Every structure is written in C-alpha cells, then in structure tokens.
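All of these numbers come straight from a predicted model, not from anything done at the bench. Only heavy atoms go into these numbers, but all of them, side chains included; no hydrogens, no water, no symmetry mates. This chain uses plain numbering: 1 for the first residue, then up along the sequence. Both ligands and their constituent atoms are indexed starting at 1 by order of listing.
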Amino acid sequence: MHQRLISDKIYENLCEVIPGGVNSPVRAFKGLNIKPVVIASGNGAIITDEDGREYIDYCGSWGALIHGHANKKILKKVKERINLGTSFGITTKIEGEIAHKVKEIIPHIEKIRFVSSGTEATMSAVRLARGYTKKQYIIKFNGHYHGHADYFLVQAGSGVSQVNPTSSSAGIPDEMLKYTLSLPFNNEEALSRVFEDPTLQSNIAAVILEPVAGNMGVVPATKNFLKKIRDFCNQYHSVMIIDEVMTGFRIAYRGAYDYYDIQADLTTFGKIIGGGFPAAAFGGKAEIMNYLAPLGPVYQAGTLSGNPVAMEAGFQALKLLQAPNFYKKLEQKTNLLTNMINQAISDTKANACLQQAGSMFTIFFGRKSVTNYEEAKLCDLNLFAEFFRYMLSNGVYIPPLQMEAWFVSTAHTKDYLIKTGELVAQFLKKYN
Ligand SMILES: *Cc1c(COP(=O)(O)O)cnc(C)c1O
C-alpha cells in the first residue's frame, strides 16, 4: 500500500476532536486494517484524496450522486440559488417545484414533506403511520437499514420465532423496542405468522422495508414477498412504508413501483433526492399525509426542512433523470462492468457472487447467493478486506463494507468501468 502521509496526518488530527475521527462510523474503515481515506475533492466519477491520489468512486456519497461529483448543471443552479440567500426557515417557491416534480414522476406520491436526512424521513413516516392507524407495532426486516432512530436499531432475531429483538446499540432502553418486530427478509411464513397472530394482527401500524435491500449488500425482495406484504397491509389496515432512501430514482425511474409494480402507502426518499445536499422526504397518500401538523395531529418539523439550496440541488438532479433513456443507458454502463465481473467469477470458479438491481450491485465473497441477512452474515469478511485494499491501492474506491452496494453514475466512462472490471478479474485470479 502506498503511503498517504498527508491524509494520515489529517486523520490523526481529526481523531483528537471527533470520536473515531469520523462523523459516521463506516468511514473509519474498521476491520479493513488500513487508515481511512480523506477526500479533498470530487469531479465526475473521480475523487481525489488529500495526498492527490485519484480513485474511481463507486460509493458516490452512498448512491446520492447518480450524476457524478460536482455535476456542472446542478452546480450552476445551486450557485445561482446560494446568491439569493441560503436559509430562511420560511416557505420558498422551490419547495413546491420539487414536490410537484416528485408527484409528476410518481403519481401515487400525492403529498410529500421534505426533511434533512433519511433517518428523519423514516422516523417521521413511522410516527405518521402510528398516528394515522392508532396502532403501535411496526414490522421491519433483519438487515434492512432505516436510519438510526432508536426503535429501528434492533439486533436481528436468529430464528423465525424470535421476533422480539434486542438493541444493536447501547443507549436504547428495552422499552423502545417493545413495538418493533424484526423478521427474516423474503420469508413469507414468518410474515404470515405475525399477521395471523390474533394478539398482533390488529395492532400493526406499519411494515417498513427496503424493496431491494442495499444495506446488507444488494438483496432484492422477491415479488411474491412484496405482494404478500401489500395484501396483509390491505387486509389489516397497516401502512406499507417502502423505504426508498437508497433505491428511489436508482433501481428505476419510479423505484420500486417500476421495479416490482407495487405501490406503497408511504414512501421515504433520501440520497438522490437531495442532489448531493442534505435533503430527504416522505410522501404518499394524501389521506395519510394530511394527518401531519398543521392539518392533523401528528407533529413533525425542521429548521432546515425544505432548505432552498438543497431543494434546488434535488430539483435539478430529478430533472436530469428525465433525459431520454436515462435509466437504460445507466444500466448498460453498469452491465459493462458487472458482466466482466460475472465472467471473472465463473472463469476462476470463485466462491463469490454478484447481485445487481439497476445501477447498484454487490460482490459477495464466500457465497453463491444471498437472499437474506442470515446468509449475508456468512460472507468472507477477510477476503473482502483484502479485496478492498487491492482495489484502493489500484485507484478504485468501493464502499468499505462487504454489506454495502456499489453505485454507478452517469459520469463513469467506459474506460473507468473496463479498468475496474479488469482489476476485479485480476484479484479473483490471484486470491482464488
Ligand atoms: C441511507 C439510508 C437511510 C438513512 O439515511 P440518512 O440520510 O443516512 O439518515 C435510511 N434508509 C435507507 C434505505 C438508506 O439507505
């Protein structure tokens, strides 16, 4: 590994004043036996660290940057916007423009409210679902990430029967998890067991899920599983919340709606919808959304909610998605890389697999398929760490965890994708 002297020095300095030197734990590269990179700038598909080393970036701010870093069209409008003042805490016109744009793209998002992070979006959606249904329980799925609200941070139950979870973080009273039921993903039987339990079925406020899980690596829901959730939610008047903070505007133009032909009651957005700025949203049926204050009894608010600079960035990002064949072209780019990787896996007979949804994918080491969190946990983390270091030292930055997705942007050129594919193939040859 090359020396990264300046970055290392900066990181040491950060560690003196910020816990672990990072403002979000994954950035600390825990378990990778390497110091974190410190980024100075980004342009297109390339990020540059403080030592001037360049990397082809497949993290893309965790999928937010579908148009690449420092996209010129977005930046131009954002700069104009900044000159008009950056925050008012009072209503601005651009909030309506982006809201109408979302509704134009996904008509069943009849009303929407903007917040500043995905965590806030899912937390608010759950509160709204509880306020609307006057029920208490929520069902989530093991390995799905919905931000860090207390009642989402549950340790996955190991068996179908163990639905009452324990906390995966210190600082959370057991009582906070009392109404969270965490079930194995893609398991219709476990879901049926809860909805057919007479003590539970009438008290389930919401089922929340990632339609294609991305936070345990890319693990798509089966269509039947989603349909089953939809049917149970209809039958027992529970709110189906599809958390599209990652998949929204990513796996397809209309996210899970296009991908699975399933309509949520409430949908959460983040990442892409902020155009690289801190913005997120939740929206859906007007009948439910109207329960929010000031129209209804469910309180929810934010000083920087609907911030005009973030809204401008998000609005421009969404407009760019409407270019002809945007998703087709992006998927073709992605396939150029993923076909090379799949070929290399089969040529080397590596014990690995690639799972993809549109322009996001994961290479799982040590598994031939992953359908849920229980299987994802069986991956070979040592080999992944080796792989991560190999890619990084050869100028490719991938998300620093096995259980994360790679993201391809429109800024990834054919050359970058081929270079990346060749590197993966070399690694598989060498370590297999
Ligand atoms: C990233 C993510 C969140 C959390 O969003 P933040 O902006 O990091 O708070 C929630 N749900 C999903 C599916 C995500 O991918």
Q: In terms of side-chain geometry, is the basic nitrogen of Asp174 or Lys178 positioned less than 4.0 Å from the acidic oxygen of its partner?
A: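 Salt bridge flag = no for Lys178 with Asp174.
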
Q: Quick one: which ligand 1 atoms are inside 4.0 Å of a heavy atom on Thr119?
A: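 Answer, ordered by atom number: 4 (C), 5 (O), 6 (P), 9 (O).
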
Q: Does an N or O anywhere in Glu210 fall below 3.5 Å from an N or O of ligand 1?
A: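 The answer is no, given that Glu210 and ligand 1 share no N or O pair closer than 3.5 Å.
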
Q: Nearest to atom 7 (O) of ligand 1, what protein heavy atom do you find, and at what distance?
A: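 Ranked first by proximity to atom 7 (O) of ligand 1 is Gly118 N, 2.8 Å.
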
Q: Quick one: which ligand 1 atoms are inside 4.0 Å of a heavy atom on His146?
A: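 Every atom of ligand 1 under 4.0 Å from some heavy atom of His146: 10 (C), 11 (N).
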
Q: Aromatic rings Phe225 and Phe141: how do their planes relate, parallel, tilted or perpendicular, breaks at 30° and 60°?
A: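 Phe225 vs Phe141 ring planes: perpendicular.
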
Q: Between Lys101 and Glu97, does at least one N-O distance fall below 4.0 Å, as a salt bridge requires?
A: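 Salt bridge between Lys101 and Glu97, a charged N being under 4.0 Å from a carboxylate O: no.
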
Q: Can you tell me if Tyr145 has a non-hydrogen atom under 4.0 Å from ligand 1?
A: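 Distance cut 4.0 Å: Tyr145 passes for ligand 1.
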
Q: With Arg81 as the cation and Phe277 as the aromatic partner, state whether NZ or CZ is under 6.0 Å from the six-membered ring centre and within 45° of the axis.
A: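 That pair does not qualify as a cation-pi contact.
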
Q: For ligand 1, does Asn215 get within less than 4.0 Å through its side chain, its backbone, both, or neither, judged by non-hydrogen atoms?
A: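 Side chain only.
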
Q: Tell me whether the rings of Tyr397 and Phe388 are parallel (<30°), tilted (30 to 60°) or perpendicular (>60°).
A: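 Ring orientation of Tyr397 relative to Phe388: perpendicular.
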
Q: By number and element, which atoms of ligand 1 are closer than 4.0 Å to a non-hydrogen atom of Ser117?
A: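 Within the 4.0 Å cut-off of Ser117, ligand 1 contributes 7 (O), 9 (O).
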
Q: Taking the non-hydrogen atoms of Glu120, is any one of them nearer than 4.0 angstrom to ligand 1?
A: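 Per 4.0 Å heavy-atom rule, Glu120 does not contact ligand 1.
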
Q: Can you list the atoms of ligand 1 that are under 4.0 Å from a heavy atom of Asp243?
A: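 Checking each atom against Asp243, I get 10 (C), 11 (N), 12 (C), 13 (C).
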
Q: What protein heavy atom lies closest to atom 1 (C) of ligand 1? Include the residue and the distance to one decimal.
A: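 Of the protein heavy atoms, Lys271 NZ, 1.6 Å lies nearest.
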
Q: Examine Thr122 against ligand 1 and note whether any of their N/O atoms are separated by less than 3.5 Å.
A: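 Between Thr122 and ligand 1, no N or O pair is found under 3.5 Å apart.
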
Q: Could you state the interatomic distance from CE (Met360) to OG1 (Thr338), rounded to the nearest 0.5 Å?
A: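 It is 13.0 Å, given to the nearest 0.5 Å.
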
Q: Identify, for atom 3 (C) of ligand 1, the protein heavy atom at the shortest distance, and state residue, atom and that distance.
A: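 Here the nearest protein heavy atom works out to Val245 CG1, 3.7 Å.
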
